[in-house]
Amino acid sequence: MKQHISSSQFRMLVIYSTCSTSVLSMPLILGTLVGRDAWWIPLIGTVLGFPFILLFVIMSRWYPTTDFFGMSNKIVGKKFGKICGLLFTLLPLLTISPKLHYSTDFITTHLLKTTPPVVVVAICMSVVAMGSYLGIEAFGRTAEMTAFFFFLPLILLLLFKIPDMDIEKVLPFFRGDENHYIDAILFYIAITACNSVLLLALYPYAISDKKKAEQAFLQGFLIACSILFFITVLCETALGPELMTASYFPTFTLAQRISFGNFAERVEALLTVIWFITIYFKITLYLFISTRGIAQTFGIKNEKPLTLPLAMIFVFIPLQAFDNTIQDYEFYVGPAKWLSLLVGAVLPLVLFIIGALQRKKKKQSLLPKHTRQSNTSRRV
């Protein structure tokens, strides 16, 4: 049975998948790389990363009834298409470990201090596995239902910390190393725009109204990047560059400093709501994409039986991959970044160029009109 989601549900999935752990980690990583200049990196990174989102949108117009796996098969043939699909599947499989490890550290540090990490991961993955097994309709509707609980704490955090902003804490500008600026911008593009390529596993085939889905993709990406920008600015101007990089969870530290008389206290508890929502949908999407990718690559007709084995593997990956937070950080800003750039930027760009040449040869438009077809096919 084919499953579909609405454009508003897809928009929330774009926001959640783009924010995810970056709500907590982005200020720390950018501050570590470029110091007091971290605030403008999201602005430049969003501008430079947005063309890749447009590229994904154009490719979806070419093949409105399929997903990334079908697109690659149509562009380069089934043989090379399977190779592209395998590379696509490796991105969530190999980059899930730092996200799970970072998430486990946050829970065991601030919430369940005496609970063994393996128990924490197992409980989390049981819920994730259920969401992935039920399919995109289930967690798509859940994403839409949780929107209020995501935006309300976020708005409260922004409102309560605006009075504490001090622009002098980020002065002077542009005093760092140019290479560090490049690393920071590439990291931001990799984590936001390039990782958004994974959404092509359910876009555009799973949304009936292609035009609204396209708008939801663009809007969701810009909203998520705006959130990351404001979070980074708040952390840097309220905490200062030194304290921001000294805390492993700077956004949580920022929320802990909110005190509005005797009324608004312990706002960091609301921040955990934001983080739990975003990271749940991020990991659920990663598990769903991994099972779908393996099924598509190896010709398995029903991918649901793969959900539980992969979920069990995901339980032990973060526990075995890293011994400490330093290894987690080094992998996240190193190999994970370059893998995201390869799969999310280089691979789609190569497919786009080949596809554009093919369409030009066939005298087809590079930007065709939207189809109003509602009966989308799930496989090619």
Side-chain angles (χ1 to χ4, degrees), residues 2-5 10 13-14 17-18 49 51-96 132 135-136 139-140 190-208 210 213-214 216-218 220-221 281-282 284-301 303 306 310 339-356 358-359 366 368 371 373 376-380:
K2 301 181 181 68
Q3 293 190 342
H4 299 90
I5 58 176
F10 180 61
L13 289 176
V14 175
S17 65
T18 306
F52 290 104
I53 305 299
L54 294 177
L55 185 147
F56 303 153
V57 167
I58 293 173
M59 291 178 66
S60 71
R61 285 201 190 185
W62 293 353
Y63 310 104
T65 60
T66 185
D67 54 15
F68 179 87
F69 305 101
M71 294 177 190
S72 57
N73 287 341
K74 286 179 175 292
I75 294 174
V76 295
K78 290 187 176 181
K79 182 178 180 180
F80 291 103
K82 286 187 178 293
I83 296 176
C84 294
L86 182 61
L87 289 174
F88 183 86
T89 308
L90 285 177
L91 180 56
L93 283 175
L94 297 181
T95 58
I96 191 67
S132 177
I136 57 175
F139 64 79
I191 298 304
T192 55
C194 293
N195 279 354
S196 295
V197 72
L198 294 176
L199 294 166
L200 292 181
L202 51 92
Y203 168 77
Y205 88 95
I207 306 108
S208 297
K210 311 303 180 185
E214 177 180 306
F217 200 171
L218 300 176
F221 176 76
F281 287 102
K282 181 75 167 184
T284 302
L285 277 172
Y286 271 35
L287 180 59
F288 175 82
I289 293 167
S290 298
T291 56
R292 183 169 174 78
I294 292 175
Q296 291 278 4
T297 303
F298 296 100
I300 302 174
K301 293 183 179 180
E303 68 256 21
L306 298 173
L310 276 178
L339 180 62
S340 296
L341 290 172
L342 172 64
V343 177
V346 177
L347 180 59
L349 187 59
V350 171
L351 291 176
F352 177 81
I353 293 173
I354 296 175
Q358 291 174 349
R359 294 183 70 86
L366 290 180
T371 60
Q373 184 176 354
T376 55
S377 59
R378 188 165 180 268
R379 296 181 185 273
V380 176

Distance (rounded to the nearest 0.5 Å) between [X] [atom1] and [Y] [atom2]:
X: Ile53; Y: Thr18; atom1: CD1; atom2: OG1; result: 7.0 Å
X: Phe52; Y: Leu341; atom1: CZ; atom2: CG; result: 8.0 Å
X: Leu13; Y: Leu285; atom1: CG; atom2: CG; result: 5.5 Å
X: Ile289; Y: Ile294; atom1: CD1; atom2: CD1; result: 12.0 Å
X: Ser60; Y: Lys210; atom1: OG; atom2: NZ; result: 8.5 Å
X: Leu342; Y: Leu349; atom1: CG; atom2: CG; result: 11.5 Å

Short question: side chain of [X], backbone of [Y] - any donor-acceptor pair under 3.5 Å?
X: Arg359; Y: Leu366; answer: no
X: Lys78; Y: Asn73; answer: no
X: Lys74; Y: Tyr63; answer: no

By side-chain contact (heavy atoms from CB on, under 4.5 Å), Pro348 pairs with (sequence neighbours left out) Leu55, Phe56, Val197

Report the residues that fulfil side-chain contact (heavy atoms from CB on, under 4.5 Å) with Leu94, sequence neighbours left out, ordered by chain and then residue number.
Leu90, Leu339

Let's go through Ser340 and Leu91 carefully: what are the C-alpha distance in whole Å and the side-chain angles of both, what is the deciding distance for side-chain contact (heavy atoms from CB on, under 4.5 Å) to 0.1 Å, and is it a yes or a no?
CA-CA 7 Å; Ser340 296; Leu91 180 56; 3.7 Å; yes

If every non-hydrogen atom of Ala193 is compared with every non-hydrogen atom of Gly49, which pair is closest and at what distance?
CB-O, 3.4 Å

Report yes if some heavy atom in the side chain of Pro368 is under 4.5 Å from a heavy atom in the side chain of Trp62; otherwise report no.
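Sidechains of Trp62 and Pro368: in contact.
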
Passes side-chain contact (heavy atoms from CB on, under 4.5 Å), Val76 versus Val350? Steps please.
CA-CA 10 Å; Val76 295; Val350 171; over 6 Å; no

Mutual orientation of the aromatic rings belonging to Phe69 and Phe88 [parallel < 30°, tilted 30-60°, perpendicular > 60°]
perpendicular

Should the ring pair Tyr203 and Phe217 be called parallel, tilted or perpendicular, given that the plane angle runs from 0 to 90° and is split at 30 and 60?
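Perpendicular.
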
Run the side-chain contact (heavy atoms from CB on, under 4.5 Å) test on Leu86 and Lys82 for me, step by step, so that the C-alpha distance in whole Å, both residues' side-chain angles and the decisive distance to 0.1 Å come before the verdict.
CA-CA 6 Å; Leu86 182 61; Lys82 286 187 178 293; over 6 Å; no

Is there a side-chain contact (heavy atoms from CB on, under 4.5 Å) between Phe80 and Leu351? Walk through the geometry before answering.
CA-CA 11 Å; Phe80 291 103; Leu351 291 176; over 6 Å; no

Picking from Leu199, Leu347, Thr89, what satisfies side-chain contact (heavy atoms from CB on, under 4.5 Å) with Phe68?
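Answer after filtering Leu199, Leu347, Thr89: Leu347.
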
